[in-house]
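Structure, as structure tokens:
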Amino acid sequence: MDVRESIKNLIQEALSSLDLEMSGEIHLERPANSEHGDWSTNIALAAAKKAGSNPRDLANEFKRVLEELSLEGISEIEVAGPGFINFYLNKSWLHDVLVQVVNAGSENWARLEEGEGRKVIVEFVSANPTGPLHAGHGRGACYGDSVARLLERSGYSVSREFYVNDRGTQMDLFASSLAACVSGRDIPEDGYHGAYIKEWADEISEDDDPFVWGKQRALDAHKEVLSDLNIEFDSWFSETSMVESGAIEETLTMLGEANASYHKDGAVWLKSTEYGDDKDRVLVKSDGEYTYLLPDVAYHLDKLVRAERLVNVWGADHHGYITRMKAAVESLGHDPARLDVEVTQMVNLQRSGEEVKLSKRTGDIVELSEVVKEVGPDAARFTYLLQSIDTTQTFDLDLVSRRANENPVFYVQYAYARIRSMMKKADQVGFAPIPLSAVDLSQLQHHRELSLIRSLHELPDIVARATRELAPHQITTWLRDFAGDLHGFYHDCRVLGDDVEPSLTQARFVLMQAALIGLEVGMHLLGVSAPEEMWRDEIQDEEGDR
RNA sequence: GCCCCUGUAGCUCAGCGGAUAGAGCAUCGGCUUCCGGAGCCGUGUGCGCAGGUUCGAUUCCUGCCAGGGGCGCCA
């Protein structure tokens, strides 16, 4: 049984013997400050009022009872602060954790069962095939993929989907813009005027249909840059395919039959106000063309059949559509709670602190491919996932492309490469690891060593919370902290060397194996590579004197 | 006017209702007989404002102020 469960049970026993009832879960946490023990509970604070005594006194009561019950492995129980009860454990529990981590390996450590194989579709990016992805799409792309990775690790069966709006007004405008450019005519006023239109028009041949060719050209561009970012979709779901299958008309009929729509002014409207929207929304325009909404509703119905849970990643400019989409879903009898819409706030590009509005190359909006090319895929992903999607992001191209210490991705990757390098060295000097069961892990008593193990033990909880909250930046934060612990350990504790006891070398080697596992798990969840080695840029070699 | 997000250190950001609010960068100062110095250690300043809920609020609720985004028979 997990330590935490054991302690919880112990507290439960104490509650009964004190004749107290607690509603809800017993709150047990790892104190932020290690001077407050290994585990801590606020049970006395929470129960004081009901018990009619002050928290400190009640905590001392608890302490007395807990000590009577006693539990193997607990070395000390103390009452502290306003009435916290802190538990100190024998270090052996941490050494046991190390064995668990190494046995699980990077494949299974912090792998959870919570999803129980349930199917979830993560839909993200879904940009129109009318032009290249821009820097802002990168955030949604990296976020969506990382959320998918989290869900996978938490036991869900995940499908990554890209919804392709390959028909309608915007596509027509895009095709006519391309055609105009090819034949030397002026691009229509409301058409696409980006610099890429000219570049693409140069590639097109006379036999090609601008609509068909243009769509494919845009999709190819999307796939290429996403692939550079280590993102692969399971499905590219075409809007046109739903016209062909009749799914859109079917959806329209279903909405009518559900009395969720009505005709007015020659258009068909969704009664979204019945579900909290400001106004009703048009499904079919008076000219007979669908708005974007109707096909998207049809798409969501399709997804709801295929998966138990849907996660959508939308840009901040789409937040207003959440209500109407949920309205449509609910009016057709589906539980809107099955649909999670996550909104990513905007990205502001900078270069050395100066706002970057336009691309140097095209004089147009900055393309995602330019960002990836300039900073590299690992730095791009790590940076996009550095902070909560709820905040507007400042992305400094200059800073992120720097192969230097102020760039957090290298701080983390370097920690990994450093251990790898040490292990290579170990191999060279003829170090031979003995079987795990023969290693005396109790030698690990240094605070650097213990804090590494504590962090590793925390990782499954971090993964669980990041999954629950769909917040991959929590993984990023953990990695940065863990890398810091690792550099600290590396500085203070040597693994190899004549002055290190062979048995200590063995123990620390196991610790390092476990550390690699932690880093691999974290970096994999972010989609960032774990390099075996890293070397400085030549420029920096010239600058440095070593 | 309505809706969404944000406001925490000089800057970029963490912070699952709890104890002395943390990182990185920047500043200043230290650390090489040794596994990679892209590292380590030290150094001080902060929860936008006002109420409320609570034993306890940076965290939850309300109002206000400030910044960003959205309010189309565009997507």
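In what follows, every heavy atom counts, from backbone to side chain, and hydrogens, waters and symmetry copies are set aside. So that the names make sense, note that chain A is the first sequence line, chain B the second, and so on, each numbered from 1.
- Residues meeting the side chain to side chain contact (heavy atoms under 4.5 Å, CB included) test with A:A80, sequence neighbours left out: A:E78, A:N86.
- Of the charged side-chain nitrogens involved, none lies within less than 4.0 Å of a carboxylate oxygen, so that A:K271 and A:D277 do not count as a salt-bridged pair.
- For the OP1/OP2 pair of B:C40 and a distance below 4.0 Å, the side-chain nitrogens and oxygens of A:Y411 include at least one atom meeting the criterion.
- As rounded to the nearest Å, B:G17 and B:C60 have P atoms that lie 8 Å from one another.
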Quick one: what's the B/S/- string for nucleotides 12-18 of chain B, heavy-atom cutoff under 4.0 Å, read 5' to 3'? SSSSB-B
Review item, nucleotides 70-74 of chain B N/O atoms under 3.5 Å of protein N/O:
residue, atom, partner, partner atom, Å
B:G72, OP2, A:K279, NZ, 3.3
B:C73, O2, A:S286, N, 2.9
B:C73, O2, A:S286, OG, 2.9
B:C73, N3, A:S286, OG, 3.3
B:C73, N4, A:D265, O, 3.2
B:C74, OP2, A:K285, NZ, 2.3
B:C74, O2', A:Q170, NE2, 2.5

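- The shortest distance between the side-chain N/O atoms of A:R508 and the OP1/OP2 oxygens of B:C35 is not below 4.0 Å.
- In the model, A:S503 has a side-chain atom that pairs as donor or acceptor with a side-chain atom of A:Q443 under 3.5 Å.
- With sequence neighbours left out, A:H134 forms a ring-ring contact (aromatic ring centres under 6.0 Å, His included) with A:H137.
- The residue A:R448 sits close only to the backbone: its heavy atoms come under 4.0 Å of sugar-phosphate atoms, none of a base.
- Residues forming a ring-ring contact (aromatic ring centres under 6.0 Å, His included) with A:H222 (at least two apart in sequence, or on another chain): A:F162.
- Listed by chain and residue number, A:M534 satisfy the side chain to side chain contact (heavy atoms under 4.5 Å, CB included) test with A:A417 (two or more places apart in sequence, or in another chain).
- With sequence neighbours excluded, no residue forms a side-chain hydrogen bond (donor to acceptor under 3.5 Å, both in side chains) with A:Q506.
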Pairs under 3.5 Å (N/O, protein and nucleotides 42-44 of chain B):
none

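- The environment of CD in A:E289 is crowded: more than 12 heavy-atom neighbours from other residues, nucleotides or ligands sit within 6.0 Å.
- A:S421 pairs by the side chain to side chain contact (heavy atoms under 4.5 Å, CB included) definition with nothing, not counting sequence neighbours.
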Would you write out the dot-bracket form of RNA chain B, 5' to 3', with Watson-Crick and G-U pairs under 3.5 Å, [ ] for crossing pairs, | for pairs to other strands and . for unpaired bases? (((((((..((((....[...))))..((((.......)))).....(((((..]....))))))))))))....
Name each donor-acceptor pair under 3.5 Å that joins a side chain in residues 472-479 of chain A to protein atoms two or more places apart or in another chain, with its distance.
residue, atom, partner, partner atom, Å
A:Q474, OE1, A:A466, N, 3.2
A:Q474, NE2, A:E469, OE1, 2.8
A:T476, OG1, A:L385, O, 2.6
A:T477, OG1, A:H473, O, 3.0
A:W478, NE1, A:S455, O, 3.2

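- Residues A:L470 and A:D340 have side chains in contact (heavy-atom distance under 4.5 Å, counting atoms from C-beta outward).
- The salt bridge (charged side-chain N to carboxylate O under 4.0 Å, His left out) search around A:D302 returns A:R306, not counting sequence neighbours.
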